[in-house]
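To keep things clear, I will list the structure first and then write my remarks on it.
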Amino acid sequence: MRILLVASAFNSLTQRVHTELRARGHQVGVELALGDEPLRAGVARFQPELILAPMLTKAIPEDIWTEHTVLILHPGPKGDRGPSSLDWAISEGARTWGVTVLQAVAEMDAGPIWASVPFPVTAVGKSSLYRNEVADAALAAVLLAVERFESGEFTPEPLDYARPDVRGRLRPYHAQPYRSIDWTADNTATVLRKLRAADSQPGVLDELFGHEFFLHGGHNEDQLRGVPGTVLATRDGAICRATVDGAVWLPQLRARRTPGGPPTFKQPATDVLGELLPAVPEVPVSPAVAATRDTWSEIRYRERDSVGYLEFAFAGGAMSTDQCRRLLYAYEQARTRPINVLVLGPERDFFSNGIHLNVIEAAADPGAESWRNINAMDDLVEAILTTTDKVVIAALPGNAAAGGIMLALAADEVWCRESAVVNPHYQLMGLYGSEYWTYTLPRRVGAATAERLTQQTLPVGARAAHALGLVDQVIPGSPAAFWAWVRTEATALADSPELADRVVEKKRRLAADEAVKPLSAYRAEELARMSENFAPGSPYHELRQNFVYKVCATATPAHLLG
Ligand code: COA
């Protein structure tokens, strides 16, 4: 079928729907909802048999939904209506929630129901829930709805609140007054629920040292205690704040925009507070200790059956210079351990999205900071590429893009959850790219495919990535099921009689490759191009600013039209 995706942004869920529908042989186009007239023009141009809206914040014009079947994906169970479904689900502590595919009608979210799929509400931030549990349920619901539409025999179910399975209701926008934290009364569980419901957007508006900030992220702290509301400590850019019965870590803050002032964006909390922050102790935690505690740490390390697991989780998958250096240090420590296999990856969600564009944007000299950041990424990639005494596995429970997917390709094998979507290209940010991609990508997929993937700038689903040789294993199921599988396979690999031969072969291959062209030459060539990209006046600076300040596109990018 010719299916047109209409979306407010080509976000992760829209990318996932795009890759999965294409994989099923549908012809898929994308039209960003940037106004009624461009949308009408886009529909007239594409001539869709079905219009699907995976993520839409505006209403579709009546003439479009009367002439075409328009199916809207709503992140709530049957009967749920309103713009803040997930915020309400998390803040009220729902254990299960749902995704429903509705036909567009005049009244928002009130159309006939084509499919509805439940999902468990894991105790994570809203955007992580959205990119994982919601996305998985959404995909199932979309595929069911498309199949039903294609059959021509399905009659969608009118919304009827008398039915026992219709448990939702119309709820208002989850405005800041619902989110506000009373530090003198709210216990840790309540504070964390409020933070998760607002993560990663819009954050919880709060006051610190007489200034207003949005709080982003939130994690329990198991040891530090103090006067409720006070800042107790810092760690790796995050601040720890006491609650009435414990404490929580706040990794990122965003200053409230002053009327008429410049827009603000998220940054590490200590960077935003700067001199406002009183002298509180920096309380580091080692990756190995972090793995045994319920405290915030971006890096954890554990061992099991001669396998080392270096877990990392960076908000939005972005890795600043400092974060790259910390991960490199932890990697170097892990490298010295008596293990056969080293597995790298987060527990869930993004693997990595490359250099930290927000931290770069905030730097006094963004070009210089970009340079430091890409070199720190390259140092990390180099350490992985030159690890010749053990097998290194990159485990992707979630998406990866740009330098983040190239980071994964430095490992010997890439194991990927079926739901993951990868974007192996840099061009949309105006960058040539580094992370030794000119060595690793063609080595995996061949020069022609490497050229196509980097130039076409389209997302690639995990199955398609596997078919191309970009990833080695694809496993269906939840992030927890994925990790259960990874642990079993990693143990089997570590114990396998072939492991010694593999390690010898790996060393031989690297030496042979280096004899043809040293790794340092790939890096030098890539960085020469990146140096041009980072120079003043190059398109990268404007593209980065648009990304960081979330400037809306003015037209649907040509590569998405289909
Ligand atoms: N630096 C800083 N923040 C980043 C980031 C990066 N490299 N990549 C993603 N993020 C942030 C986003 O700003 C967003 O923040 P928010 O939750 O506060 O809105 C969050 O991570 C999720 O990203 P989003 O763009 O909403 O997710 P998506 O799934 O729709 O799109 C990408 C994913 C990777 C396609 C998109 O984020 C992207 O293009 N990132 C930049 C990749 C890049 O060019 N890196 C630099 C070159 S190595």
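The figures here come from the full heavy-atom set of this structure, side chains too, leaving out hydrogens, waters and symmetry mates. Read the numbers this way: they start at 1 and go in the same order the structure lists the ligands and their atoms.
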(request) Please check if the distance between the ring centroids of Tyr173 and Trp88 is under 6.0 Å. (result) no
(request) Tell me which one of Phe547, Phe265, Phe350 gets a heavy atom nearest to atom 40 (N) of ligand 1. (result) Phe547
Which residue holds the protein heavy atom closest to [atom], what is that atom called, and what is the gap in Å?
| atom | value |
| --- | --- |
| atom 20 (C) of ligand 1 | Gly316 CA, 4.0 Å |
| atom 7 (N) of ligand 1 | Ile355 O, 2.8 Å |
| atom 31 (O) of ligand 1 | Gln15 NE2, 4.2 Å |
| atom 29 (O) of ligand 1 | Ser12 CB, 2.9 Å |
| atom 42 (C) of ligand 1 | Asn353 O, 3.6 Å |
| atom 19 (O) of ligand 1 | Lys550 NZ, 2.8 Å |

(message) Name the residue from Trp371, Phe547, Phe534 that meets the ring pair (Phe, Tyr, Trp, His ring centres under 6.0 Å) definition with Tyr540.
(response) Phe534
Checking contacts here: is it the side chain or the backbone of [X] that comes within 4.0 Å of ligand 1, counting heavy atoms only? Could be both or neither.
| X | result |
| --- | --- |
| Ala401 | side chain |
| Gln201 | side chain |
| Met429 | side chain |
| Val359 | neither |

(request) Determine whether the side chains of Ser538 and Asn533 contain a donor N or O and an acceptor N or O closer than 3.5 Å. (result) no
(message) Can a side-chain donor-acceptor contact be found between Arg523 and Asn375 if the only test is distance below 3.5 angstrom?
(response) yes
(message) Tell me whether ligand 1 is touched by Arg131 - counting only heavy atoms on the residue side and a distance under 4.0 Å.
(response) yes
